[in-house]
Each structure stands twice: as structure tokens, then as C-alpha cells.
Amino acid sequence: MENRVKGGRDTVDSAIGSIKEEGITKVGIMGGSFDPIHIAHLIVAESALEAFGLEKIIFIPTGNPPHKDSSKMSDAKNRLEMTKLATQSNSRFRVSTIEVYQGKVSYTIDTIAALQSHWGKEVSCYFIIGIDALIEIESWKAYEELLKSITMVVATRAGHVGNFIDTTIASLKENHHANILPMTIPDIEVSSTEIRKRVKENHSIKYLVPESVENYIKKNKLYRVSDQGGDTCE
């Protein structure tokens, strides 16, 4: 299902369109290049569901992010398909195409505004990001508006919690009235960059990504030539 968001800029798909129809009121939003999606992404999403009583997590593969050279990322169709494969076994996970087919630079503030316009105040949105992204958030488009408009769930690893992170969160709360909820996740050293490197060097990626994603990468011969992409939301 595709339809135009009233008052918004972007089209939405069935993953977004059905939220109100099902009476869902607490939704997690998880953006990223997902090049490829891996087990740490899935662990963060599941942790947020449990920690904050969320009903669904919507994964949004980015289309053309402002802080990256999209020509060095895998084709959006491949990233979207891998995200669908990785999440299909969890009924509380959904995947949206809201950014991948935009054909323009994707800004988080625009995506969030489109979702909130479509859902209205009845649906509370929790935007899930890593601590590295939060530290850089003041370089994002309209970050002050973003911080005021949505609850941020910040995934931190147990060994990385410290004064700097606490100070960063406290500063954003004080200066921008941000609602930021820290969430400690298991310390699992997995990244898309490392997975692409391992594929390029013919090393196994078994158990680092779901088996379906591993098979998709093999079938489509992804990541064999160059090191591309990354993990961040913006």
C-alpha cells in the first residue's frame, strides 16, 4: 500500500499505514543504512521493545543520507531486501520504504515529521539511535526541533557508559529540553563495516548476520569489491 501523507512530504507504505489501523500507540523507529543489517541491530531493537514496552519497531533503511556518499553504499534494493529478510521472523518488526525511494537526500527530521503527521498524537514515537550518533546529533538538520519532537532511546554498551556520555545526555536535556532514555545493551562488537571487510576477505560471517541475510549476500555477490557504507542513522 502506498499513499501520500496529509501535510507531510513523503509517501508511506503498509508498515507505516497500518499502525493506526491496528490501534498501536507506542512505536520504535530505527533508521540506518543496514549495509548489511546484522545481529547487533536486531538485539538493539528487541531490547528497546522490552525496555520501554514498545509494540512495534519500524526499521527504515536510509535512501540518500546527508553525511555519506551514497554512491559508496550498496544499492537500496539490496539493503531493503536484507532488512526484510532479517526481520521477517519477528512479528513485532516491520520495514518501511519511506526513505529508500525518495530520490533525494533523506533527513531524519523530515521522516519523523512525516510519520507524526500521518499517525497524529495518538502514537508515541521512540527514535532509537546509538551513542555515537547522539554525540554528533548537533550536526543534523533541524536537530533542535528533532530533539523536542520525539523521545530518543540511546543504546549504550555497559563498558562504554561514563562521565562523557552522561554529560552529553545531560547537556542535550538541559539545552534543548530533550527527552533521552539511555538503554544498556550487551557488549557485542559487530559492525556492518567489519562484516563487509570479512566478506571481501572471504572470511565467514555466520552468526554475525541472520542466515537468510548471509545467503542473500552470497547469492548476489555483495561486498566483494570495495568497502562501502556504514551504520549511522543520518
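Just so it is clear, the structure is predicted and the values come from calculations on it, not from any experiment. Residue indices begin at 1 and follow the sequence shown.
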Rounded to the nearest 0.5 Å, what's the gap from [atom1] on [X] to [atom2] on [Y]? Could you check?
X: Ile129; Y: Met183; atom1: CD1; atom2: CE; value: 10.5 Å
X: Ile29; Y: Tyr126; atom1: CD1; atom2: OH; value: 12.0 Å
X: Thr151; Y: Leu147; atom1: OG1; atom2: CG; value: 11.0 Å
X: Ile137; Y: Leu146; atom1: CD1; atom2: CG; value: 5.0 Å
X: Ser192; Y: Arg79; atom1: OG; atom2: CZ; value: 10.5 Å
X: Leu172; Y: Thr168; atom1: CG; atom2: OG1; value: 7.0 Å

Salt-bridge criterion met for Lys148 and Glu144 (N-O under 4.0 Å):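 Result for this pair is no, no salt bridge flagged.
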
Give a yes or no answer on whether the side chain of [X] reaches the backbone of [Y] with a donor-acceptor pair at less than 3.5 Å.
X: Asp35; Y: Ser74; result: yes
X: Lys56; Y: Ser91; result: yes
X: Lys26; Y: Phe52; result: yes
X: Ser139; Y: Glu136; result: yes
X: Arg198; Y: His203; result: no
X: His176; Y: Lys173; result: no
X: Ser191; Y: Glu194; result: yes

Worked check of side chain to side chain contact (heavy atoms under 4.5 Å, CB included) between Ile24 and Trp119: CA-CA 10 Å; Ile24 294 168; Trp119 290 335; over 6 Å; no

Any idea which heavy atoms bring [X] and [Y] closest together, and the distance?
X: Arg224; Y: Lys200; result: O-CG, 4.0 Å
X: Ile150; Y: Cys125; result: CG1-O, 3.2 Å
X: Glu55; Y: Thr25; result: OE2-N, 2.8 Å
X: Val44; Y: Ala155; result: CG1-CB, 4.1 Å
X: Phe127; Y: Gly31; result: CE1-N, 4.4 Å
X: Val100; Y: Pro61; result: CG1-O, 3.2 Å

Are any non-hydrogen side-chain atoms of [X] and [Y] less than 4.5 angstrom apart?
X: Leu208; Y: His38; result: no
X: Val27; Y: Ile57; result: no
X: Leu42; Y: Thr87; result: yes
X: Asn90; Y: Glu46; result: yes
X: Pro36; Y: Leu222; result: no
X: Met82; Y: Phe34; result: no
X: Asn215; Y: Val209; result: no
X: Leu181; Y: Met152; result: no

Identified side-chain contact (heavy atoms from CB on, under 4.5 Å) counterpart of Ser96 within the set Ile16, Leu80, Thr83: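 Exactly one pass, corresponding to Ile16.
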
Hydrophobic cluster identity match, Met30 and Ile188, side-chain contacts under 4.5 Å: yes

Charged tip of Lys141 within 45° of Tyr107 ring normal and under 6.0 Å: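 That pair qualifies as a cation-pi contact.
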
Residues Lys218, Glu214; criterion salt bridge (charged side-chain N to carboxylate O under 4.0 Å, His left out); working and verdict: CA-CA 6 Å; Lys218 289 179 179 177; Glu214 180 186 8; 3.3 Å; yes

Over 12 foreign heavy atoms within 6.0 Å of CD, Glu201: yes

CD (Glu174) with more than 12 external heavy atoms under 6.0 Å: no

Residues in side chain to side chain donor-acceptor pair (under 3.5 Å) contact with Tyr143, at least two apart in sequence or another chain: none

Between [X] and [Y]: side-chain donor-acceptor atoms closer than 3.5 Å:
X: Asn175; Y: Ser171; result: yes
X: Ser149; Y: Glu145; result: no
X: Arg94; Y: Ser18; result: yes

From CA spacing to verdict: side chain to side chain contact (heavy atoms under 4.5 Å, CB included), Ile58, Ile19: CA-CA 10 Å; Ile58 296 184; Ile19 293 297; 4.1 Å; yes

Side chain to side chain contact (heavy atoms under 4.5 Å, CB included) evaluation trace for Leu115 with Val123: CA-CA 10 Å; Leu115 297 179; Val123 179; over 6 Å; no

